[in-house]
There are 2 protein chains.
Amino acid sequence: MTDPDTLGPRQLGVYFALMESVSMLQHAVEQQLRVEGDISYVQFQLLARLVAANSQLTMTQLADGVVYSRSGLTYQASLLEKAGLLTRASSPDDERATLVGITDAGSTLVGRVLPGHIQVTRRLLFEPLSDGDLKRLEDIMTRVRDHMRALPPRSAGPRRRRAGPAPGVQSGPRDHEP
Amino acid sequence: MTDPDTLGPRQLGVYFALMESVSMLQHAVEQQLRVEGDISYVQFQLLARLVAANSQLTMTQLADGVVYSRSGLTYQASLLEKAGLLTRASSPDDERATLVGITDAGSTLVGRVLPGHIQVTRRLLFEPLSDGDLKRLEDIMTRVRDHMRALPPRSAGPRRRRAGPAPGVQSGPRDHEP
DNA sequence: TATTGTTATACTCTATAACTATA
DNA sequence: TATAGTTATAGAGTATAACAATA
């Protein structure tokens with residue numbers, strides 16, 4: 001029972017509705033942030049996290065859940081630093097660590113962009129939901145998130161490259177594999 | 001009442017839980033598709049849609065909901081065509097239109113990749129949900145999706161560029177503005 | 001030796017604008 | 001004139017690997 005290779009029609013419906021809804025929401029939110037603050041959603045998340053923390057964070061702390069590679073964060077942080085929205089300084093406690101703090105300009109930007117951000121989520125996501133829906137959705141999605149956070153980070157073996165039939169779907173020749 | 005610039009704590013919780021959950025789910029799914037089929041999620045969606053349609057689709061039909069620019073679809077379609085996963089031919093009915101069809105290799109790839117895809121969503125998303133949760137979530141997210149689909153496509157004025165205080169957060173000089 | 005973060009590099013993907021061809 | 005699609009181009013973003021410095 002419950003074939004692991006199959007989803008019931010209800011599960012399929014949930015999966016597609018969820019992915020499509022969030023895709024549209026992400027797209028709308030990205031646009032709003034770009035128009036009103038000239039930042040991406042990732043950049044907004046980083047700044048918002050610093051505002052919420054109300055203190056400096058290390059790069060590792062800042063990355064958690066927002067970005068999936070160290071270099072990705074360094075890239076974004078250096079852009080935001082260049083734009084004067086945050087500061088970086090090496091930690092006195094641990095000279096390896098970098099402490100990231102938000103600047104006044106950074107806080108101001110978050111404050112300027114947040115109302116529009118909220119309006120978009122309200123209009124797209126919350127408008128059709130009753131208080132009961134909201135309560136149920138909170139219960140469910142909180143549970144899902146905590147479940148996902150707790151999962152082991154999917155396999156440890158080598159990735160990429162696989163002996164499948166298809167020749168691979170990439171643009172160029174792509175034959176370097178260092 | 002209900003200040004449009006504010007979200008209640010429950011709404012904030014829903015918003016964050018939803019965005020973070022789907023972000024993790026997307027990441028996991030992208031990895032699985034890359035490892036098992038060497039395709040991206042967008043590419044998977046395009047192929048899956050062709051399988052589901054069980055007939056040829058025009059580029060416009062195929063794009064709907066998956067991709068937000070015409071050229072983006074042309075790009076992906078040309079990759080998939082090059083990889084032998086789909087075909088393109090101009091429509092006899094309307095010579096402007098391109099009919100896209102899936103190849104045997106394309107169908108095979110979807111079939112090969114789908115079980116793992118389902119296992120990932122099952123493990124990450126559905127594992128912690130009861131039948132009741134599932135029913136409620138379907139009801140809610142279907143409503144949200146239909147609501148979003150029905151919304152007018154957010155403003156028509158010119159976009160990008162804005163006279164905000166921040167100097168903008170980009171990498172290079174970026175001073176060409178055609 | 002393990003951990004924190006940065007850099008170099010390569011590549012994927014997306015979007016805008018200009019263009020072609022058909023309706 | 002409007003619509004379907006492609007092409008050229010630019011640049012944003014991401015990930016891997018090699019690296020440096022500190023614990």
Side-chain angles (χ1 to χ4, degrees), chain A residues 23 26-27 30-31 33-35 38-43 45-46 57-64 66-83 88-100 158-161 168-178, chain B residues 23 26-27 30-31 33-35 38-43 45-46 57-64 66-83 88-100 158-161 168-178:
Chain A
S23 166
Q26 283 173 338
H27 196 253
E30 290 261 357
Q31 283 220 143
L33 291 172
R34 184 59 66 189
V35 169
D38 205 19
I39 53 174
S40 69
Y41 184 60
V42 167
Q43 289 161 356
Q45 284 181 94
L46 296 174
L57 296 176
T58 66
M59 293 291 278
T60 299
Q61 291 170 331
L62 187 55
D64 176 53
V66 176
V67 146
Y68 297 93
S69 76
R70 299 165 102 59
S71 63
L73 179 57
T74 297
Y75 171 75
Q76 293 296 347
S78 69
L79 289 186
L80 292 169
E81 188 181 36
K82 216 176 299 177
R88 283 188 291 180
S90 72
S91 165
D93 302 340
D94 182 341
E95 292 273 332
R96 292 171 305 181
T98 297
L99 287 180
V100 185
R159 55 190 52 156
R160 294 284 162 110
R161 265 354 32 188
V169 183
Q170 269 84 30
S171 12
R174 196 195 191 304
D175 21 13
H176 51 96
E177 198 83 17
Chain B
S23 166
Q26 283 173 338
H27 196 252
E30 290 262 356
Q31 283 220 144
L33 291 173
R34 183 59 64 189
V35 169
D38 204 19
I39 53 173
S40 68
Y41 183 60
V42 167
Q43 289 161 356
Q45 284 181 95
L46 296 174
L57 296 176
T58 66
M59 294 290 278
T60 300
Q61 290 169 334
L62 187 56
D64 176 53
V66 175
V67 147
Y68 296 94
S69 75
R70 296 165 103 59
S71 63
L73 178 57
T74 297
Y75 172 74
Q76 293 297 344
S78 69
L79 289 184
L80 292 169
E81 188 181 36
K82 216 176 299 176
R88 283 187 292 179
S90 71
S91 165
D93 302 339
D94 182 340
E95 291 273 331
R96 293 172 305 181
T98 297
L99 287 180
V100 185
R159 53 191 51 154
R160 294 284 161 108
R161 251 25 2 207
V169 183
Q170 269 84 32
S171 12
R174 196 194 191 304
D175 20 15
H176 51 97
E177 198 82 18

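Reminder, nothing fancy here: chain letters follow the sequence lines and each chain counts from 1.
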Round to a whole Å and report the spacing from [atom1] of [X] to [atom2] of [N].
| X | N | atom1 | atom2 | answer |
| --- | --- | --- | --- | --- |
| B:Gln26 | C:dC13 | CD | P | 14 Å |
| A:Tyr41 | D:dT14 | OH | P | 13 Å |
| A:His27 | C:dC13 | NE2 | P | 16 Å |
| B:Gln45 | C:dC13 | CD | P | 13 Å |
| B:Lys82 | D:dT7 | NZ | C1' | 13 Å |
| A:Arg34 | D:dG13 | CZ | C1' | 11 Å |
| A:Gln31 | C:dT14 | CD | P | 15 Å |
| A:Glu95 | D:dA20 | CD | P | 18 Å |

Are any non-hydrogen side-chain atoms of [X] and [Y] less than 4.5 angstrom apart?
| X | Y | value |
| --- | --- | --- |
| B:Leu99 | B:Thr58 | yes |
| B:Leu33 | B:Gln45 | no |
| A:Leu73 | A:Val66 | no |
| B:Val67 | B:Met59 | no |

Looking only at heavy atoms, what is the nearest atom pair of [X] and [Y], with distance?
| X | Y | value |
| --- | --- | --- |
| A:Thr98 | A:Arg88 | CG2-CB, 3.7 Å |
| B:Leu62 | B:Val100 | CD2-CG1, 4.0 Å |
| B:Arg34 | A:Val169 | NH1-O, 4.4 Å |

Practice problem: Would you give the length of the straight line joining atom CD of A:Gln76 to atom OG of A:Ser40, rounded to the nearest 0.5 angstrom? | Solution: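 If we round to the nearest 0.5 Å, A:Gln76:CD and A:Ser40:OG are 5.0 Å apart.
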Quiz item: Given pairs defined as Watson-Crick or G-U wobble with both distances under 3.5 Å, what dot-bracket annotation applies to DNA chain C, with ( ) intrastrand, [ ] crossing, | other strand and . unpaired?
Solution: |||||||||||||||||||||||
Indicate whether OP1 or OP2 belonging to [N] is found under 4.0 Å from a side-chain N or O atom of [X].
| X | N | value |
| --- | --- | --- |
| B:Gln43 | C:dC13 | yes |
| B:Gln76 | C:dT12 | no |
| B:Ser90 | D:dG5 | no |

Quiz item: How would you label the contact of B:Val42 with the nucleic acid (heavy atoms, under 4.0 Å): base, sugar-phosphate, or nothing?
Solution: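 Contact class for B:Val42: sugar-phosphate only.
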Quiz item: Contact class for B:Ser91 vs. all strands (heavy atom < 4.0 Å): base, sugar-phosphate, or nothing?
Solution: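 No contact.
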Practice problem: Treat primed atoms plus P, OP1 and OP2 as sugar-phosphate and everything else as base, then score nucleotides 3-9 of chain C 5' to 3': B for base contact with protein heavy atoms under 4.0 Å, S for sugar-phosphate contact only, - for none. | Solution: BBBBB--
Quiz item: Just checking, any donor-acceptor pair under 3.5 angstrom between side chains of B:Ser23 and A:Tyr68?
Solution: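 Checked: B:Ser23/A:Tyr68 side chains pair up, N/O donor to acceptor below 3.5 Å.
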